[in-house]
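One structure is given here, and the rest of the page talks about it.
So you know, we letter chains A, B, ... as the sequences are listed, proteins then strands, and number each from 1.
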Amino acid sequence: MPLLFYSMHHNSPTPVSITPSLNSTKKSQTIFHLLEWKKCLNMRDLQQIHAQMIITGFIHHIPSLTKLISHSISGDSTGLTYASMIFNHTQQPNIVIWNTILRGFVNHKLPKRALLGYVDMLQESRTIPDRFTFPSLLKGCAQSLDFHEGKILHGHIIKFNLVSDLYIETTLITMYAACGDLNSARAVFEKMGQRNQVVWTSMIGGYARNHYPTEALLLFTEMEEEGEDPDEVTMVSLLSACAELKDLEYGKKLHLRIRESDMKVCVFLGTALVDMYTKCGELDSARKVFDELPDRNVVAWSAMISGYVQNNRSKEALRLFKEMVTESDQNPNEITILAVLSACAQVGDLDLGRWVHAYIGRAGLKNYISLQNSLIDMYSKCGRIDTACQIFYDMPERDVVSWNAMITGLALHGLGKEALNQFTLMQTAGIQPDDITFIGVLSACSHGGLVQEGCRHFQNMKVQYGIPPKLEHYGCMVDLLSRAGLLEEAKEYIREMPMKPNGAIWGALLSACRVYNNVELGEEAANHLLNLEPENDGVYVLLSNIYARKQKWEEVRMVRSLMHKRGIRKTPGCSSIVVDGVSHEFLVGGHSHPESEKVHLMLDHVTQKLKLAGYVAETSEVLLNIDEEEKEGSVSQHSEKLAICFGLLKTRAGTEIVIMKNLRVCTDCHSAIKLISKVFQREITVRDRSRFHHFKDGFCSCRDYW
DNA sequence: ATAGGGTTAG
């Protein structure tokens with residue numbers, strides 16, 4: 001009596017009949033066809049087929065058994081477990097079955113198990129590997145960057161006389177390139193008798209991923225000279241090389257070629273295009289590609305979101321992230337979250353930052369340390385240095401980046417002593433500081449006015465740690481000495497530094513010259529800056545303020561006419577505040593905000609109250625920032641004041657955090673906000689370019705310049 | 001019956 005079982009395709013009720021006769025070719029083909037019938041089988045179906053195979057005896061039909069295992073490993077981890085169970089019950093598996101199970105381990109990101117299996121295969125099973133064995137194993141080595149094992153496998157390949165197999169050669173190139181040994185990869189490539197599209201692509205990809213983008217593009221030229229055409233995969237590597245080089249022209253050419261060819265813009269290729277465009281700063285083109293993608297996975301979303309972040313367009317990044325969470329079926333992964341946290345830090349969106357913090361726990365994201373590091377950075381840049389400390393304290397393991405984030409965060413909050421204390425603890429913990437650490441340390445000294453400590457750390461960095469100071473370190477020193485009023489000493493550092501000082505360095509000196517009324521050095525710094533950055537409106541303003549303080553009106557007029565002649569306008573100050581998860585932006589004297597009427601009424605109210613409390617607007621400097629007609633009104637309408645008024649309007653209590661872009665809090669606003677905090681009983685935190693200013697009860701936490 | 005090259009961060 002024949003056995004009946006229903007096929008797994010539920011709307012196809014045709015029963016398949018199988019008689020338990022072993023060596024019948026016809027019947028064995030039935031099972032075999034069944035296994036070939038669908039590309040993807042679920043566990044239930046597989047188990048049914050497996051059961052039938054045992055009952056009918058087809059379990060001994062090797063091709064069918066291989067197919068069964070092959071189907072099983074193409075599923076999830078349950079499938080792999082099932083496959084290895086079947087495998088373990090197979091007596092004397094042949095090489096084909098071995099190859100299949102080894103591939104299963106590699107494809108499930110278990111390269112170590114694959115290698116152990118291979119050793120078993122050689123030693124226990126005494127089975128000789130063939131040309132199908134090594135591609136999977138080498139792919140595993142490439143995955144886990146197992147250079148040592150990879151080289152051993154290369155030895156085996158030679159021993160088993162398989163060196164001139166095209167597939168093996170390709171995976172050898174991939175393995176060596178993944179492990180960073182481009183010379184060996186190239187050596188394999190050069191020795192090859194024939195090279196197809198895939199071979200070229202794997203060598204090009206090797207250069208691209210090892211940060212040799214020029215070599216990648218050069219090799220592509222050779223590939224074309226040899227008459228091989230690129231395909232989608234080649235294009236992905238080429239685009240990533242263009243992204244690294246920020247070579248928009250080349251990138252556009254590739255995009256054009258893709259459009260003119262019959263290549264399909266799949267997620268992979270689309271993401272590579274998005275990445276290329278964002279790295280080249282062409283966000284609109286990137287977004288266009290992104291919007292036209294038929295389906296978007298996490299990687300595509302992450303590429304677009306971090307593209308916005310890298311181009312300082314965090315508001316758009318967060319808008320897109322919210323769309324991803326609400327309107328797509330894709331779950332943010334570690335990389336998405338890293339970008340989003342950095343966006344939260346940029347715009348000061350503490351609410352969303354907290355949501356993301358909770359999400360990390362809820363989603364059970366891996367890559368724990370970098371996420372915690374990012375959280376530290378986010379909290380400290382959103383004004384919550386206390387929470388940042390707590391996270392740091394709770395971390396079971398910390399790396400250099402964790403310590404750097406903590407030191408930089410403390411420095412940003414003007415907590416110089418605490419930052420230096422943290423640096424000491426870091427050394428006690430045996431963590432080797434790097435160049436970034438010293439940027440944190442030196443900027444902590446600079447914000448805390450700790451001149452001697454700063455100089456000592458600068459020396460130690462060179463002598464004790466052997467870290468050669470970069471431009472940024474000299475910048476910190478110039479800033480440190482300048483802020484402390486040691487202008488000549490700052491100048492000495494500029495003279496001594498082995499590289500050409502950049503705008504930031506002359507800018508630090510110039511700002512200090514304004515504070516300490518040093519016309520001579522100020523002129524010198526400004527002249528350097530006007531050469532380096534003729535478009536920088538701040539320079540003209542600072543210089544004219546320096547002259548104005550000394551009542552050199554002729555010079556003031558000269559600077560202003562120069563500015564006018566060059567067609568440079570002062571970029572308006574911009575501040576933002578997040579209320580109920582929405583970031584609101586204000587420009588100086590601006591009326592662009594939908595509720596600006598109310599905000600200006602509030603500002604009038606605030607000004608009245610401040611006057612009663614004895615506030616007199618300080619206008620001697622700022623009035624020169626702006627065109628004559630705007631003078632009177634604009635002083636009291638600085639963007640940070642508008643943002644603060646919005647906060648007073650919209651929130652009942654708590655801490656307001658105002659983020660300023662491209663500016664420092666000016667003297668006038670500083671004294672005004674001190675009073676607001678007292679009169680309105682609010683804690684206000686203002687974050688400007690370089691630091692936080694916490695205002696409470698008429699006092700400010702920061703100590704410099706005021 | 002079994003095999004190869006690819007995208008997001010730092």
Nucleotide [N], atom [atom2] - distance to [atom1] of [X] in whole Å:
{"X": "A:His211", "N": "B:dA9", "atom1": "NE2", "atom2": "P", "value": "11 Å"}
{"X": "A:Leu371", "N": "B:dG10", "atom1": "CG", "atom2": "P", "value": "12 Å"}
{"X": "A:Leu238", "N": "B:dG6", "atom1": "CG", "atom2": "C1'", "value": "11 Å"}
{"X": "A:Leu138", "N": "B:dT2", "atom1": "CG", "atom2": "C1'", "value": "15 Å"}
{"X": "A:Ile335", "N": "B:dG10", "atom1": "CD1", "atom2": "C1'", "value": "10 Å"}
{"X": "A:Met304", "N": "B:dA9", "atom1": "CE", "atom2": "P", "value": "12 Å"}
{"X": "A:Asn107", "N": "B:dT2", "atom1": "CG", "atom2": "P", "value": "13 Å"}
{"X": "A:Leu338", "N": "B:dT8", "atom1": "CG", "atom2": "C1'", "value": "10 Å"}

| request: Please confirm whether any donor atom in the side chain of A:Asp231 sits under 3.5 Å from an acceptor in the base of B:dG5, or the reverse. | output: yes

| Can you find a donor-acceptor pair, distance only, under 3.5 Å between A:Thr201 side chain and B:dG5 base? | yes

Side chain of [X] only, heavy atoms from C-beta on: which candidate in [options] is closest?
{"X": "A:Thr234", "options": "B:dA9, B:dT2, B:dG5", "answer": "B:dG5"}
{"X": "A:Ser136", "options": "B:dG6, B:dA1, B:dA3", "answer": "B:dA3"}
{"X": "A:Val233", "options": "B:dA9, B:dT7, B:dG5", "answer": "B:dG5"}
{"X": "A:Arg209", "options": "B:dG6, B:dA9, B:dA1", "answer": "B:dG6"}
{"X": "A:Val299", "options": "B:dT7, B:dG5, B:dT2", "answer": "B:dT7"}
{"X": "A:Lys139", "options": "B:dT8, B:dG5, B:dA1", "answer": "B:dG5"}
{"X": "A:Val236", "options": "B:dG6, B:dT8, B:dA1", "answer": "B:dG6"}
{"X": "A:Thr100", "options": "B:dT2, B:dG6, B:dG5", "answer": "B:dT2"}
{"X": "A:Arg103", "options": "B:dG6, B:dA3, B:dG10", "answer": "B:dA3"}
{"X": "A:Val199", "options": "B:dG5, B:dG4, B:dT2", "answer": "B:dG4"}

| query | Ring-on-base stacking between A:Phe268 and B:dG6, under 5.5 Å between centres and under 30° between planes: is it there? | reply | yes

Could you tell me if the ring centre of [X] sits under 6.0 Å from that of [Y]?
{"X": "A:Trp200", "Y": "A:Phe220", "value": "no"}
{"X": "A:Phe87", "Y": "A:Trp98", "value": "yes"}
{"X": "A:Tyr167", "Y": "A:Phe134", "value": "no"}

| How about A:Arg126: does its CZ atom have over 12 heavy atoms from other parts shown lying under 6.0 Å from it? | no

Heavy atoms only, 4.0 Å cut-off, all strands: where does [X] land among base, sugar-phosphate and nothing?
{"X": "A:Asp165", "result": "base"}
{"X": "A:Glu169", "result": "nothing"}
{"X": "A:Ile204", "result": "nothing"}
{"X": "A:Ser202", "result": "sugar-phosphate"}
{"X": "A:Ile173", "result": "nothing"}
{"X": "A:Asn94", "result": "base"}

| N or O in side chain of A:Lys366 less than 4.0 angstrom from B:dA9 OP1/OP2 | no

| request: Answer yes or no: does a side-chain N or O of A:Gln310 lie under 4.0 Å from OP1 or OP2 of B:dA9? | output: yes

| message | With a 4.0 Å cut-off on N to O distance, would you call A:Asp284 and A:Lys288 a salt bridge? | response | no

| Basic-acidic side-chain contact under 4.0 Å: A:Glu190, A:Arg186 | yes

| Going by distance alone, is a donor N or O of one side chain under 3.5 Å from an acceptor N or O of the other, for A:Asp434 and A:Asn404? | yes

